[in-house]
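When reading the values below, keep in mind they use all heavy atoms of this one structure, side chains included, and skip hydrogens, waters and symmetry mates. Residue numbers count from 1 along this sequence. Atoms within a ligand are numbered from 1 in the order they appear, just like the ligands themselves.
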Amino acid sequence: MYIILLGAPGAGKGTQAALLSEKRKLTHVATGDLFRQALEKGDELGLKAKSYMEKGKLVPDEITIQMVLNRLAAPDCKSGVLLDGFPRNLEQAKVLDKALAQQDKAIDKAVYIKVSEGELLKRLSGRWICRNCQTPYHEVTSPPKARGKCDKCGGELYQRPDDTVETVKKRLEVYFAQTAPLIEYYTGAGKLLEVSGEGSPEEIYGRIVSALKPKK
Ligand code: AP5
């Protein structure tokens, strides 16, 4: 299965991807995480992406698309993938469709997690991320058991530099201009599933699972 998680910054794509990938045995491919990991390692890819990410802009397609196609060719992606943060504009969506079609594959569903703007801002301002495994936490709604430490791997938690008020505003602007049109694209393809992203992560997970169930 190839499933896309669509939604604004802070909608809970990473949170739901962690739950879905574990329970459904799908490989979680998150473009933001790939860029951040490359940056941590000091790789050229990360350094190229850095200036765009800190301004809240999209990393250019020629960098992003190749990185994702390389990742999708890895053996752990053969039996199913959960795409988080990709595609993020129409060009990326079309290239992805073409690349999958060349292997007789296709996107099965695009799950759009819908959250109000006020809630997005609250979520991003309180977010902490594991430097090692990228698991997201929230200082109010899902704090770690030990302050500053990841429950899963013990890694150090940090706040993303692009979660400042200014950069979040820019990321939302970019989302509405470039990514939101994908809702129409996948609706037209008969693949869009819209779920409310408000409520607890477990409630939202339940909605996604029931939306993904084949309809009789
Ligand atoms: P990326 O890392 O993909 O960021 P994003 O899309 O802005 O999404 P976020 O990671 O901010 O949010 P999320 O929806 O995953 O929410 P989360 O689960 O963490 O991209 C970063 C940058 O990389 C981009 O700006 C761009 O520069 C570049 N980039 C990435 N992909 C690209 C592409 N395809 N093309 C070009 N450039 C690209 O949750 C947020 C917070 O809310 C957490 O604290 C969490 O604990 C909390 N939370 C989650 N669910 C709930 C809930 N139900 N109730 C209360 N709190 C909740």
Side-chain angles (χ1 to χ4, degrees), residues 4-21 28-39 45-46 48-69 71-72 82-93 95-96 111-116 118-130 134-144 150-151 157-164 166-180 182 195-208:
I4 292 169
L5 291 180
L6 263 183
K13 302 180 296 296
T15 301
Q16 294 304 321
L19 293 169
L20 281 161
S21 60
H28 178 195
V29 174
T31 37
D33 291 351
L34 292 175
F35 287 134
R36 282 184 289 277
Q37 279 158 355
L39 187 59
L45 173 74
K48 277 188 190 161
K50 185 173 183 263
S51 64
Y52 299 96
M53 293 174 82
E54 56 191 24
K55 290 187 195 103
K57 293 182 175 174
L58 292 188
V59 178
D61 285 350
E62 58 271 26
I63 300 175
T64 308
I65 291 172
Q66 200 47 52
M67 172 184 80
V68 173
L69 296 183
R71 180 66 188 90
L72 292 181
L82 200 51
L83 280 162
D84 161 9
F86 186 92
R88 235 177 167 104
N89 59 27
L90 283 171
E91 176 61 19
Q92 293 181 6
V95 172
L96 177 64
V111 178
Y112 166 42
I113 306 174
K114 190 175 179 185
V115 174
S116 70
E119 176 69 14
L120 295 172
L121 295 173
K122 273 194 245 163
R123 290 186 186 180
L124 292 174
S125 59
R127 172 164 63 179
W128 289 78
I129 305 259
C130 174
Q134 318 293 323
T135 299
Y137 294 88
H138 191 278
E139 57 194 25
V140 178
T141 55
S142 53
C150 178
D151 295 350
L157 303 187
Y158 77 108
Q159 286 196 291
R160 273 172 44 179
D162 60 346
D163 278 348
T164 57
E166 264 320 286
T167 316
V168 165
K169 273 192 203 153
K170 180 69 192 168
R171 284 162 61 202
L172 285 173
E173 215 180 283
V174 168
Y175 168 77
F176 288 114
Q178 299 191 48
T179 310
L182 293 179
V195 297
S196 161
E198 313 235 0
S200 71
E202 293 70 28
E203 281 169 333
I204 298 155
Y205 173 72
R207 286 177 205 144
I208 296 177

Contact (N/O only, under 3.5 Å) between G10 and ligand 1: yes
Between A30 and ligand 1, which residue portion shows a heavy-atom distance shorter than 4.0 Å: side chain, backbone, both, or neither? neither
Nearest protein heavy-atom contact for atom 31 (N) of ligand 1: which residue, which atom, what distance? T31 OG1, 2.7 Å
Are any of the N/O atoms in D163 less than 3.5 Å from those in ligand 1? no
The answer for which part of A17 has a heavy atom under 4.0 Å from ligand 1 is neither
One residue to check: T141. Relative to ligand 1, which of side chain, backbone, both or neither has a non-hydrogen atom less than 4.0 Å away? side chain
Does E173 pair with K169 as a salt bridge, N-O distance under 4.0 Å? no
For atom 53 (N) of ligand 1, closest protein heavy-atom neighbour: G199 O, 2.9 Å
Ligand 1 to Y137 polar contact by distance, N or O atoms, under 3.5 Å: yes
By number and element, which atoms of ligand 1 are closer than 4.0 Å to a non-hydrogen atom of S200? 53 (N)
Do the side chain of Q92 and the main chain of D61 share a donor and acceptor less than 3.5 angstrom apart? no
Taking only non-hydrogen atoms of L124, do any sit less than 4.0 angstrom from ligand 1? yes
Correct closest heavy-atom pair for P143 and E139 would be CB-O, 3.9 Å
Polar contacts were defined as any N/O atom of the residue lying under 3.5 Å from an N/O atom of the ligand; does this apply to R127 and ligand 1? yes
The protein heavy atom nearest to atom 39 (O) of ligand 1 is T15 OG1, 3.7 Å
Region of T64 engaging ligand 1 - heavy atom pairs below 4.0 Å: side chain
Strictly under 4.0 Å, does any heavy atom of G7 approach an atom of ligand 1? no
Closest protein heavy atom to atom 16 (O) of ligand 1, given as residue, atom name and distance to 0.1 Å: G12 N, 3.2 Å
Checking side chain to side chain contact (heavy atoms under 4.5 Å, CB included) against R171, which of L124, T179, L120 comes through? L124
Using a plain distance cutoff, I'd like to know if R36 has any nitrogen or oxygen under 3.5 Å from a nitrogen or oxygen of ligand 1. yes
Would you say that Y52 contacts L58 through its side chain, given a criterion of any heavy-atom pair below 4.5 Å between the two side chains? no
When you measure from the heavy atoms of A8 to every atom of ligand 1, does any distance fall below 4.0 Å? yes
How many angstroms lie between CZ in R36 and OG1 in T31, if you round to the nearest 0.5 Å? 8.5 Å
Taking the minimum heavy-atom distance to atom 22 (C) of ligand 1, which of K13, M53, E198, K170 ranks first? M53
For Q92, counting its heavy atoms only, list the atoms of ligand 1 lying under 4.0 Å from any of them. 33 (C), 34 (N), 35 (N), 36 (C)
Taking a cutoff of less than 4.0 Å between a non-hydrogen atom of the residue and any ligand atom, is R160 in contact with ligand 1? yes
P9 contact mode with ligand 1 (heavy-atom cut-off under 4.0 Å): both
Separation between CG (L34) and CD (Q134), nearest 0.5 Å, reads 9.0 Å
Salt bridge check, R123 against D163: does any charged N sit closer than 4.0 Å to a carboxylate O? no
Flag, side chain of E119 to backbone of V115, donor-acceptor distance under 3.5 Å: no
A93 to L182 - nearest heavy-atom pair and separation: CB-CD2, 3.7 Å
Do me a favour and list the nearest non-hydrogen protein atom to atom 29 (N) of ligand 1 with residue, atom name and distance? F35 CE1, 3.8 Å
Just by distance, no angles: are the side chains of T167 and E54 close enough, under 3.5 Å, to form a donor-acceptor pair? no
Going by the atom numbers of ligand 1, which of them fall below 4.0 Å from some non-hydrogen atom of S142? 46 (O)
Once you restrict to heavy atoms under 4.0 Å, what part of I204 touches ligand 1? Side chain, backbone, both or neither. side chain
Would E119 count as being in polar contact with ligand 1, using the rule that some N or O on each side must be under 3.5 angstrom apart? no
Among all protein heavy atoms in this structure, tell me which lies nearest to atom 30 (C) of ligand 1, with the distance rounded to 0.1 Å. R88 NH1, 3.3 Å
Look only at the side chain of R207 and the backbone of S196, and say whether a donor-acceptor pair between them is shorter than 3.5 Å. yes
Could you tell me whether R171 and ligand 1 have an N or O pair separated by under 3.5 Å? yes
So the atoms of ligand 1 within less than 4.0 Å of a heavy atom of G14 turn out to be 13 (P), 15 (O), 18 (O)
Atom 42 (O) of ligand 1 sits nearest the protein heavy atom R123 CB, 3.2 Å
Flag A11 as yes when one of its N or O atoms lies below 3.5 Å from any N or O atom of ligand 1, and as no otherwise. yes
Within the side chain of K13, is there an N or O that forms a donor-acceptor pair under 3.5 Å with the backbone of A8? yes
Where is the nearest protein heavy atom to atom 34 (N) of ligand 1: which residue, which atom, and how far? G85 O, 2.8 Å
List every atom of ligand 1 that sits less than 4.0 Å from any heavy atom of L58, numbering the atoms from 1 in the order shown and giving each element. 36 (C), 37 (N)
To the closest 0.5 Å, what do you measure between CD (E62) and NZ (K48)? 9.0 Å
Has A49 got any heavy atom lying under 4.0 angstrom from an atom of ligand 1? no
Would P87 count as a polar contact of ligand 1, with the cut-off being nitrogen or oxygen pairs under 3.5 Å? no
Counting only nitrogen or oxygen atoms and a 3.5 angstrom limit, does K57 reach ligand 1? yes
NE2/H28 to CG/L19 distance, rounded to the nearest 0.5 angstrom? 10.5 Å
CD1 (I129) and OG1 (T135) are apart, to the nearest 0.5 Å, by 8.5 Å
I113 and I208, any side-chain heavy atoms less than 4.5 Å apart: yes
List ligand 1 atoms under 4.0 Å from P201, heavy atoms only on the residue side. 52 (C), 53 (N)
Donor-acceptor check, side chain of T141 to backbone of H138, threshold 3.5 angstrom: yes or no? no
Might you work through the side chain to side chain contact (heavy atoms under 4.5 Å, CB included) test for Y137 and C150, ending with a clear yes or no? CA-CA 8 Å; Y137 294 88; C150 178; 3.2 Å; yes
Beyond-backbone contact of Y205 with L20, side-chain heavy atoms, under 4.5 angstrom: yes
